[in-house]
Amino acid sequence: MKRRRGRSGDPRATAARLLQQLTAGRSLSELLAGATESVPARDLGLLKEFCFGTARWWLRLAPLAELLLKHPLKPRDGDLHALILLGLYQLEYMRVAPHAAVAETVEAARVLDKPWATGLVNGVLRRFLRERGALLTRVDRDLPARYAHPQWLIEALQKEWPDRWNVLLEAANHRPPMTLRINLARISQPDYFERLRQAAVPAQSIPGIPSAAVLEQPMDAIDLPGFAQGLVSVQDAGAQLAATLLDLQRGDQVLDVCAAPGGKSAHILESAPEGVTLTAVDIDAGRLARVRENIGRLGLTAEIQVGDATRPEGAWAERSYQRILLDVPCSATGVIRRHPDIKLLRKADDIPPLAARQSRILNAVWPLLKSGGMLLYATCSLLPEENSAQVKRFLAATEDAREKTINSTWGHACEFGRQILPSDDTMDGFYYACLQKA
Ligand SMILES: C[S@@+](CC[C@H](N)C(=O)[O-])C[C@H]1O[C@@H](n2cnc3c(N)ncnc32)[C@H](O)[C@@H]1O
């Protein structure tokens, strides 16, 4: 008997609906967080794979679908368009039996209440299987399709990294590793690696970042040895550099201005010398709840306040600090491998307003730094407007600010600050600059 899932339980139809909403400007993390009840619990991993994978390759799959469809679909059939891309994604990138992928995707058109489209979906996917080589050769003539990245971003990377832009684009299309941050205040690196070995979880260390452990295979965080006891957290190795770069001293007061969801706040507290206190501020009260949750699990404490860093006000703004971490909102072009929807959501026109906002935050927060103190400016962007050029402008306009050069083996020296490129030593693409107050 033919298997028919309920209207709302089909992971392909659900993925198509979510992907349609992604094209209307909503992020996949937000959409998936609201969709946990849409499919049976056992299918949540598959739903995530469908959404993330199709989004990752959307810009290659969409021109492919255009070649395969005789007539463009109507705007009201955005879900069907997404379903066709999902079908192509399964055939090209997933290790699934083609006939099963085609049959399930055709069936999902029915679940979407579009039984008239079953023949169309079937025809398109079967033609792709027959003519795959020739079709891919045709779409891959265009760089955005070949690298599945938007034209504006390809051009920006070509300009900044002329000898490795294509390597960066390829790296951004790889699945990211799962990296752990070992709580070195509670367990040594060799002891935690031994716990991983006993649990049959293969992992590698990263030279120069003793807190990092890169897993060979991702797994559920709650199943990690010592996770519930706060021995370990999930955090990219590039993000783990912030706490070290802050160079905390005993008794320092630290302000983490754009703190949510709190990965770096937690690491700062975990690795801080005695007497260090942390104030974590973010404009988004909902995201601040995650800071509370993160540092609570680790048994740490911080003062957590809602605040707008462009207009510091309230108790946190009436003090001054020896250290400030400014992990500003940015284009997130360095973390595309983790958030492939950025390729569809972010536009070239977003960059100047983002850079202006970063500049406002930097100028507004600088007066809260004590003389002799240090502000660590951080982004997960690859774009110079948000990074080196931003810092250059700030230094030129701010008399009491000096750059403290970061001497390290990781990353690439920019005119100001240091850039990590995606997949350098397994890391995400981060940028750091240390600014000292004279
Ligand atoms: C890159 S994320 C920070 C990540 C965080 N530091 C961590 O390691 O988990 C940027 C944060 O800036 C916050 N943000 C954006 N505009 C802000 C503003 N004007 N004032 C304070 N926070 C802001 C966002 O809500 C977001 O949580």
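None of the values given here were measured: they were computed from a predicted structure. Numbering of ligands and ligand atoms starts at 1, following listing order. The first residue in the sequence is number 1, and the count goes up from there.
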Give the residue and atom name of whichever protein heavy atom lies nearest to atom 12 (O) of ligand 1, and the separation in Å to one decimal. C258 CB, 3.2 Å

Once you round to the nearest 0.5 Å, how far does CG of L376 lie from CG of D247? 11.0 Å

For G307, state whether at least one heavy atom is located under 4.0 Å from any atom of ligand 1. yes

Pull out every atom of ligand 1 sitting under 4.0 Å from any heavy atom of G262, numbered as shown with elements. 7 (C), 9 (O)

Have Q240 and Q235 got a donor and an acceptor in their side chains that come within less than 3.5 Å? no

Looking only at heavy atoms, is any part of A259 under 4.0 Å from ligand 1, and if so is it the side chain, the backbone, or both, or is it neither? backbone

Pair R346, S331: side-chain N/O donor-acceptor within cut-off below 3.5 Å: no

Please identify which atoms of ligand 1 are closer than 4.0 Å to at least one heavy atom of D308. 18 (C), 19 (N), 20 (N)

A student checking ligand 1 against G263 at a 4.0 Å heavy-atom cut-off should list atoms 7 (C), 8 (O), 9 (O)

Ion pair present between R186 and E270, side-chain N to carboxylate O less than 4.0 angstrom? no

Any idea which protein heavy atom is nearest atom 16 (N) of ligand 1, and the distance to it? R357 NH2, 3.1 Å

Min N/O separation V281 to ligand 1 under 3.5 Å: no

Among all protein heavy atoms, pick out the one at the shortest distance from atom 4 (C) of ligand 1; state its residue, atom name and that distance to 0.1 Å. A260 O, 3.1 Å

Could you state the interatomic distance from CG (D236) to CG (D428), rounded to the nearest 0.5 Å? 3.5 Å

By number and element, which atoms of ligand 1 are closer than 4.0 Å to a non-hydrogen atom of D284? 25 (O)

Partner of P177 under side-chain contact (heavy atoms from CB on, under 4.5 Å), picked from Q204, Q217, M427, R337, is R337

Among non-hydrogen protein atoms, atom 6 (N) of ligand 1 lies closest to D327 OD2, 2.7 Å

Pull out every atom of ligand 1 sitting under 4.0 Å from any heavy atom of P261, numbered as shown with elements. 9 (O)

Quiz item: cation-pi between K347 and W152, 6.0 Å / 45°: no

Verify the distance criterion only: is there a donor paired with an acceptor across the side chains of Q436 and R402 at less than 3.5 Å? no

With no hydrogens and no angle check, do the side chains of N183 and H267 hold a donor and an acceptor under 3.5 Å apart? no

Sole candidate of V257, L435, L369 that passes side-chain contact (heavy atoms from CB on, under 4.5 Å) when paired with L326: V257

Please confirm whether Q235 comes under 4.0 Å of ligand 1, counting heavy atoms of the residue only. no

Can a cation-pi geometry be assigned to R60 and Y147, taking NZ or CZ under 6.0 Å from the six-membered ring centre and within 45° of the ring axis? no

Quick one: does D256 get an N or O within less than 3.5 Å of an N or O on ligand 1? no

Would you mind telling me if ligand 1 is within reach of the side chain of K264, the backbone, both or neither, using heavy atoms under 4.0 Å? both

With respect to P329, determine whether any N or O atom, backbone or side chain, lies less than 3.5 Å from an N or O atom of ligand 1. no

Where the closest heavy atom to atom 20 (N) of ligand 1 is concerned, which of P312, G286, A309 has it? A309

Just one of R175, R95, R56 clears the salt bridge (charged side-chain N to carboxylate O under 4.0 Å, His left out) bar with E49, so which one? R175

Heavy-atom gap A239 to ligand 1 smaller than 4.0 Å: no

among protein heavy atoms, the one nearest atom 14 (N) of ligand 1 is I283 CG2, 3.7 Å

Between D282, I361, V291, flag the one that comes closest to atom 24 (C) of ligand 1 by a heavy atom. D282

